[in-house]
Number of protein chains: 2
Amino acid sequence: MSHPLRLGIAGLGTIGAALVHIIQSTDNRLSVSSLRTVEITGVTARTRNKERDFSLDGITWFEDASSLAVSEDIDVFVELIGGDEGPARESVEKALQAGKHVVTANKALLAKHGVALAKLAEEKQVSLNYEAAVAGGIPIIKTMREAMSGNKVNRVYGIMNGTCNYILTRMEDEKITFEDCLKDAQRLGYAEADPTFDIGGHDTAHKLSLLTSLAFGCEVSFSSIYLEGIEEITLSDIEAANTLGYRIKLLGVAQETESGIEQRVHPAMVSKESAIGQVSSVTNAVAVEADQVGSLLLSGPGAGGKATASAVVGDIADIARGLKVPVFGRPCASLKPYERARMRLHEGGYYIALDLLDKPGAFAGVATRMAERDISLKSVVQNQRGKEVDGIKNQAQHVVIITHETTEKAISEALESLINDGNVVGKPKMIRIEKLD
Amino acid sequence: MSHPLRLGIAGLGTIGAALVHIIQSTDNRLSVSSLRTVEITGVTARTRNKERDFSLDGITWFEDASSLAVSEDIDVFVELIGGDEGPARESVEKALQAGKHVVTANKALLAKHGVALAKLAEEKQVSLNYEAAVAGGIPIIKTMREAMSGNKVNRVYGIMNGTCNYILTRMEDEKITFEDCLKDAQRLGYAEADPTFDIGGHDTAHKLSLLTSLAFGCEVSFSSIYLEGIEEITLSDIEAANTLGYRIKLLGVAQETESGIEQRVHPAMVSKESAIGQVSSVTNAVAVEADQVGSLLLSGPGAGGKATASAVVGDIADIARGLKVPVFGRPCASLKPYERARMRLHEGGYYIALDLLDKPGAFAGVATRMAERDISLKSVVQNQRGKEVDGIKNQAQHVVIITHETTEKAISEALESLINDGNVVGKPKMIRIEKLD
């Protein structure tokens, strides 16, 4: 145990650079706390001759990730390349195959190939650590995989995409449209040039798929996630939510139901008073509800080089300390197949906003269609006649309905009937209300 | 590694009973997640013949904790007795001496003898785990001791006593006096018959002393903690805080300053908008600010049998997995001596409430005394003349002052001068404002 732990780092972007800084810092906290010297022996990155604010003296440069992954001179392969195929997947597989421990921040890779990689790690008796892959610097993997060992999880949910939360927070605070917020987020570097991956909820879904496996002891099943992004959230939804005591957040939620495990990513109304409702801007937060510990909430920075590198360092320290923990919290052989809950059986309250033709009986029709499906209404707000709705002057009335607990099936059938009745202008908006304690 | 991990449990109160339930549950999650069978081989408790809702069949009963601690038939000694001396200390020492791993929920014991016990554990190469000792079910020890390995902590603070937070929350929400809230807390089992330990801040200080050591790599120094309880918080303080955008919380805070490490437990004004300001009732929360990860916040149940047992199980699982981590995050030899910051050098904003004789120049005197010490005022609220203050009709004016950042020395000197001036009725009230990002 006394020989140094040797790292090979693939990828020297923001996270890689922050990682090198931590390990090269003079006080070397990592070595102190893990009781073992940790050093970087090899690196690789896209460009070799680039100005960097740290020295690579004494560190071997590798031309590609895969040759670093199998180098005799490393014990741990740190994958910070990204992407669910290509060099990232290839190098991680090679590293595990060669009996190297792997630390990765790559949610896409694990969401797609997590179980296969976990099997390989298990077979080779090495670690596959991925704290940085979910909610950046927040130690949610360690919490669920280790600290909550005695618990049966009922639900895990969270705000796991800073871009979306930044946009939704600004829309609420400053009454700026989705499009303008997105532009600002891009200018400030909080959103990519192609923002689809974030605002469409895919990024959240990648992270959620890993938490689901840890929570319920099942295989990772990214493709089964019900997915809805925040693209269609308007200022009028945000304002209606506000009036009703809610905020709109992009949540990832996994919960056990009678028909299987629900995995869903969608904008949700959460109480302003709830802990998750108070998580603003780029901050992330994950809550876990379990039979023993009750409800835990962890919040902090979900992105950024230093915060993410902090999580990578924690993973490396665990390897230095000799910690052996199954990749998804239990041996691969005992991971249950993922059993998908039917989204139509989802139960909860709903926010419905629709524009109704201003003619006799139109409103009564709405009430009737809801009643037919046993949907009881908690509140109904009807704007004044002829009011300008979302910038368009029309002759419709804007109606906002909050329902009591019902099913997705009932709601979608009721909305379908309403549309068929011909009194609804445009498309009704439906946002799920997440029930929180 | 394949022989079962054998536990000896000393203490079968609420936590002990919850622990037995988790380990005896049919799905045995602990064994699954730690890849090793975990079983209870010995127990001891105050009363042997007591009705219990679990079976002790096949488990050896020991007459006292110390003989259980050294039993050949256990690998891990779980101390749930409590108290900083007597059987708890004796049995933990004997267990470590005999080369047994120890898991304890005993904050008082570790606050007083933590370093000596850590040295013993280190010498015997066994674990001494204490997740349950701080903030119940919240994995703050694991987070600081393992996940934050690459970080330099700047400040750690939190709400770590449910009784105090319950009282302060009810005072605010229901305008009930401190005394009445305390009575209710006692009736509901949230407060002990002798509540001094909780409301005087001692319990919070025990917990803080352990976090300080983890945060700053120094020896535990409980006796150096600046301590002030919530006994003197009145409804009028709570209302003034509310008006000014604050809430009053009993905080434990440790932070690095130029003159050393500040450790303080006192009622503090925190912004209503802050995450810590929104932690209500018996919930606990701990925040850590560090150079790499930024600011993390963990919240959840700080007490209760099941939640605390969940933390104990996490500690046992770590031992089952073979995790070796230094008791206070680094080898005892490298723990720095605790260097106490001078409280008079503490910097922050202050809330001052005082009753001032209604005579010419009295108010100007306050302003002058503050200005003499370079204390600049952020806001001053003066109640109408002759107003009833805290139920007493008097001729005084109630003045509430919020200062900008200044020092403890300046404030206490200014207050002293004011008292000497003879215009202040009764004792001025001073509450520190905790600066949060």
Side-chain angles (χ1 to χ4, degrees), chain A residues 18-19 21-23 25 27 29-30 32-35 131 136-139 142-143 145-152 217 273 275 278-279 283 285 290-301 304 306-307 309-314 316-318 320-326 329-331 334, chain B residues 18-19 22-23 25 27 29-30 32-35 131 136-139 142-143 145-152 217 273 275 278-279 283 285 290-301 304 306-307 309-318 320-326 329-331 334:
Chain A
L19 176 62
H21 274 292
I22 296 176
I23 294 170
S25 70
D27 57 350
R29 296 162 220 155
L30 175 55
V32 170
S33 100
S34 59
L35 306 177
E131 186 64 82
I138 302 174
K142 191 172 252 303
T143 295
R145 195 162 74 159
E146 300 169 36
M148 292 181 63
S149 293
N151 286 269
K152 183 182 180 316
E273 306 295 314
Q278 289 159 352
V279 174
T283 302
D291 61 347
Q292 302 301 322
V293 76
S295 189
L296 286 181
L297 180 93
L298 280 68
S299 67
K306 291 206 286 184
S310 164
V312 171
V313 170
I316 295 169
D318 282 341
R321 292 183 196 111
L323 173 64
K324 282 183 178 46
V325 53
R330 50 171 67 204
S334 81
Chain B
L19 176 62
I22 297 176
I23 294 170
S25 69
D27 56 352
R29 296 162 221 156
L30 175 55
V32 170
S33 99
S34 58
L35 307 177
E131 186 64 82
I138 302 175
K142 191 173 251 305
T143 296
R145 196 162 71 159
E146 301 169 35
M148 292 181 64
S149 293
N151 285 270
K152 183 183 180 319
E273 306 295 315
Q278 288 159 353
V279 174
T283 302
D291 63 344
Q292 302 302 321
V293 74
S295 188
L296 285 181
L297 181 93
L298 281 69
S299 67
K306 290 207 286 183
S310 164
V312 171
V313 170
D315 279 351
I316 295 169
D318 282 340
R321 291 182 197 112
L323 173 64
K324 282 183 179 48
V325 55
R330 50 171 68 204
S334 81

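Every chain is numbered from 1 and lettered A, B, ... according to where its sequence line falls, protein lines coming before strand lines. Values below: all heavy atoms of this structure, side chains included; hydrogens, waters and symmetry mates excluded.
- Put simply, of B:Pro331, B:Ala285, B:Ala290, B:Ala275, the one with the most heavy-atom pairs under 4.5 Å next to chain A is B:Pro331.
- Of the two parts of A:Ser299, the backbone and the side chain both hold a non-hydrogen atom closer than 4.5 Å to a non-hydrogen atom of chain B.
- By the 4.5 Å heavy-atom criterion applied to side chains, B:Leu298 and A:Leu297 are not counted as neighbours.
- Nearest heavy-atom pair across A:Ile22 and B:Gly150 is CG2-O, 3.6 Å.
- Scanning for side chain to side chain donor-acceptor pair (under 3.5 Å) contacts around A:Asp318 gives A:Lys142, A:Arg321, with sequence neighbours left out.
- To the nearest 0.5 angstrom, B:Ser33 atom OG is 11.0 Å from A:Met148 atom CE.
- Across A:Ala317, A:Pro139, A:Gly300, the residue that shares the most heavy-atom pairs under 4.5 angstrom with chain B is A:Pro139.
- By the salt bridge (Lys or Arg N to Asp or Glu O under 4.0 Å) test, B:Lys152 is found to be paired with B:Glu256, residues two or more places apart in sequence or in another chain being considered.
- Separating the CG atom in B:Asp291 from the NZ atom in A:Lys306 is a distance of 6.0 Å, to the nearest 0.5 Å.
- With chain B as the partner, the residue from A:Val313, A:Leu296, A:Val312 showing the most heavy-atom pairs under 4.5 Å is A:Leu296.
- Distance check, rounded to the nearest 0.5 Å: CG of A:Leu323 to CD of B:Glu146 gives 7.0 Å.
- Contact count against chain B (heavy-atom pairs under 4.5 Å) is highest for A:Ser310 among A:Ser334, A:Ser310, A:Gly314.
- Contact count versus chain B (heavy atoms, under 4.5 Å) is highest, among A:Ala311, A:Pro301, A:Gly304, for A:Pro301.
- The heavy-atom pair separating A:Gly137 from B:Val293 by the smallest distance is O-CG2, 3.5 Å.
- Proximity to chain B is absent for every atom of A:Ala309, based on heavy atoms less than 4.5 angstrom apart.
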